[in-house]
Amino acid sequence: MKFRASYSILNTWASGDWEKAIKYYFHLETFTSPAMEAGKKYHQYWANFIRNHKITPPELGDIKLIDPTPEIKKVVSLNDWLDLVGIIDCYDKPTIYEWKTGKTSSESIASSPQVGVYGVLGTMAGLYIEKAQIYHYDQYTKKSDTSIVWLTDGVLKSSLNWIETIASEMHDYLTKNKLYEKYQIRDAK
């Protein structure tokens, strides 16, 4: 059975919330909080704004973009048992942009494995990527902050190792406990 990994599922598993990760993996839980719904609305607005104007909206810094592609879904095969799937918020060669809302700062996101995982995803999908820029907008305080992560060979190698390690743990658990059979193979998102 081929495991289909996403950052959200892997990060949930890595944090120790195995039950929630399994529910996400098999689409058994669809809970969304008001904050998650607000984040989705901002993402949709920002993607449309960038498509129409080739610039980020004011709350994301009015950054002029060259040839942006917002909200691109990629699926790559990392090896015979593992696929990686994700949606890059915006790609404008050679940069991937990640947009966040809420209280968590861009620095916290930059310190997490997330942008490295998206760097692996984009690179394996054939995108030329040098860095990731994380734009955070706190809709409650109306303040923004930004962080940059250079996606060096070392960062990508470390991120690939993180992906394979966490995915292997979860895949082994699902296989040993026959959860693929119990819940059927999930459809691709």
[X] and [Y]: side-chain donor and acceptor closer than 3.5 Å?
X      : Y      : result
His171 : Tyr25  : no
Gln44  : Tyr42  : no
Glu98  : Gln133 : no
Trp81  : Asn79  : yes

Check whether any side-chain N or O of [X] sits under 3.5 Å from a backbone N or O of [Y] as a donor-acceptor pair, and report yes or no.
X      : Y      : value
Thr146 : Tyr135 : no
Ser144 : Glu59  : yes
Tyr91  : Tyr128 : yes
Asp92  : Ile66  : yes
Lys20  : Asp17  : no
Ser15  : Thr12  : yes
Ser108 : Thr104 : no
His136 : Gly102 : yes

Spacing of [atom1] belonging to [X] relative to [atom2] belonging to [Y], to within rounding of 0.5 Å:
X      : Y      : atom1 : atom2 : result
Arg4   : Leu82  : CZ    : CG    : 11.0 Å
Lys143 : Asp145 : NZ    : CG    : 10.5 Å
Tyr7   : Gln114 : OH    : CD    : 5.0 Å
Ile50  : Thr69  : CD1   : OG1   : 10.5 Å
Ile87  : Glu71  : CD1   : CD    : 6.0 Å
Glu130 : Lys93  : CD    : NZ    : 9.5 Å

For [X] against [Y], the heavy-atom pair lying closest together:
X      : Y      : result
Pro57  : Trp46  : CG-CD1, 3.0 Å
Trp99  : Pro70  : CH2-CB, 4.1 Å
Cys90  : Leu65  : SG-CD1, 4.5 Å
Tyr24  : Ile9   : CB-CG1, 3.9 Å
Gln139 : Ala38  : NE2-CB, 4.0 Å
Lys100 : Ile134 : CG-CG2, 4.3 Å

Out of curiosity, does [Y] fall in the hydrophobic cluster containing [X] (side-chain heavy atoms, cut-off under 4.5 Å, transitive links)?
X      : Y      : result
Phe49  : Ile63  : yes
Ile109 : Val120 : yes
Trp18  : Leu10  : yes
Ile72  : Val76  : yes
Leu28  : Leu174 : yes

Using a 3.5 Å cut-off and no angle test, enumerate the donor-acceptor pairs between side-chain atoms of residues 154-169 and protein atoms at least two apart in sequence or in another chain.
residue : atom : partner : partner atom : Å
Ser159  : OG   : Val155  : O            : 2.8
Thr165  : OG1  : Asn161  : O            : 2.8

Within a 6.0 Å radius of atom [atom1] on [X], are there more than 12 heavy atoms belonging to other residues, nucleotides or ligands?
X      : atom1 : value
Tyr173 : OH    : no
Glu107 : CD    : no
Lys54  : NZ    : yes

Notebook entry, point to check: Is there a side-chain contact between Lys142 and Tyr137 (heavy atoms, below 4.5 Å)?
Noted result: yes

Margin query: Counting C-beta onward and ignoring hydrogens, is there a side-chain heavy-atom pair between Ile129 and Thr95 closer than 4.5 Å?
Written below: no

Margin query: Using the salt bridge (Lys or Arg N to Asp or Glu O under 4.0 Å) criterion, which residues pair with Lys103? Sequence neighbours excluded.
Written below: Asp138

Margin query: Do the side chains of Asp83 and Lys2 get close enough for a salt bridge, i.e. N-O under 4.0 angstrom?
Written below: yes

Notebook entry, point to check: Can you name the residues that form a side chain to side chain donor-acceptor pair (under 3.5 Å) with Ser147, not counting sequence neighbours?
Noted result: Ser106

Notebook entry, point to check: How would you list, by chain and number, every residue that makes a side chain to side chain donor-acceptor pair (under 3.5 Å) with Lys23, sequence neighbours excluded?
Noted result: Glu19

Next item on the list: Just do the side-chain contact (heavy atoms from CB on, under 4.5 Å) check on Thr101 and Tyr140 with the steps written out, would you?
Entry: CA-CA 9 Å; Thr101 58; Tyr140 309 108; over 6 Å; no

Check: What is the ring orientation for Tyr183 with Phe26, classed by angle as parallel under 30°, tilted 30 to 60°, or perpendicular over 60°?
Finding: tilted

Check: Under the side-chain contact (heavy atoms from CB on, under 4.5 Å) criterion, do Ile96 and Leu151 qualify, and how do the steps go?
Finding: CA-CA 10 Å; Ile96 57 176; Leu151 296 169; 4.1 Å; yes

Note to self: Go through it in stages, so that I can follow the logic: the residues are Lys40 and His43, the test is side-chain contact (heavy atoms from CB on, under 4.5 Å), and I'd like the CA-CA distance, side-chain angles, deciding distance and then a yes or no.
What the structure shows: CA-CA 5 Å; Lys40 286 179 186 179; His43 269 246; 5.6 Å; no

Margin query: Determine whether Tyr97 and Tyr118 satisfy the following criterion, side-chain contact (heavy atoms from CB on, under 4.5 Å), listing intermediate values before the conclusion.
Written below: CA-CA 10 Å; Tyr97 294 91; Tyr118 288 138; over 6 Å; no

Checklist line | Partners passing ring-ring contact (aromatic ring centres under 6.0 Å, His included) against Trp150 (at least two apart in sequence or in another chain) | finding: none

Item checked: ring-ring contact (aromatic ring centres under 6.0 Å, His included) contacts touching residues 54-73 (sequence neighbours left out) -> none

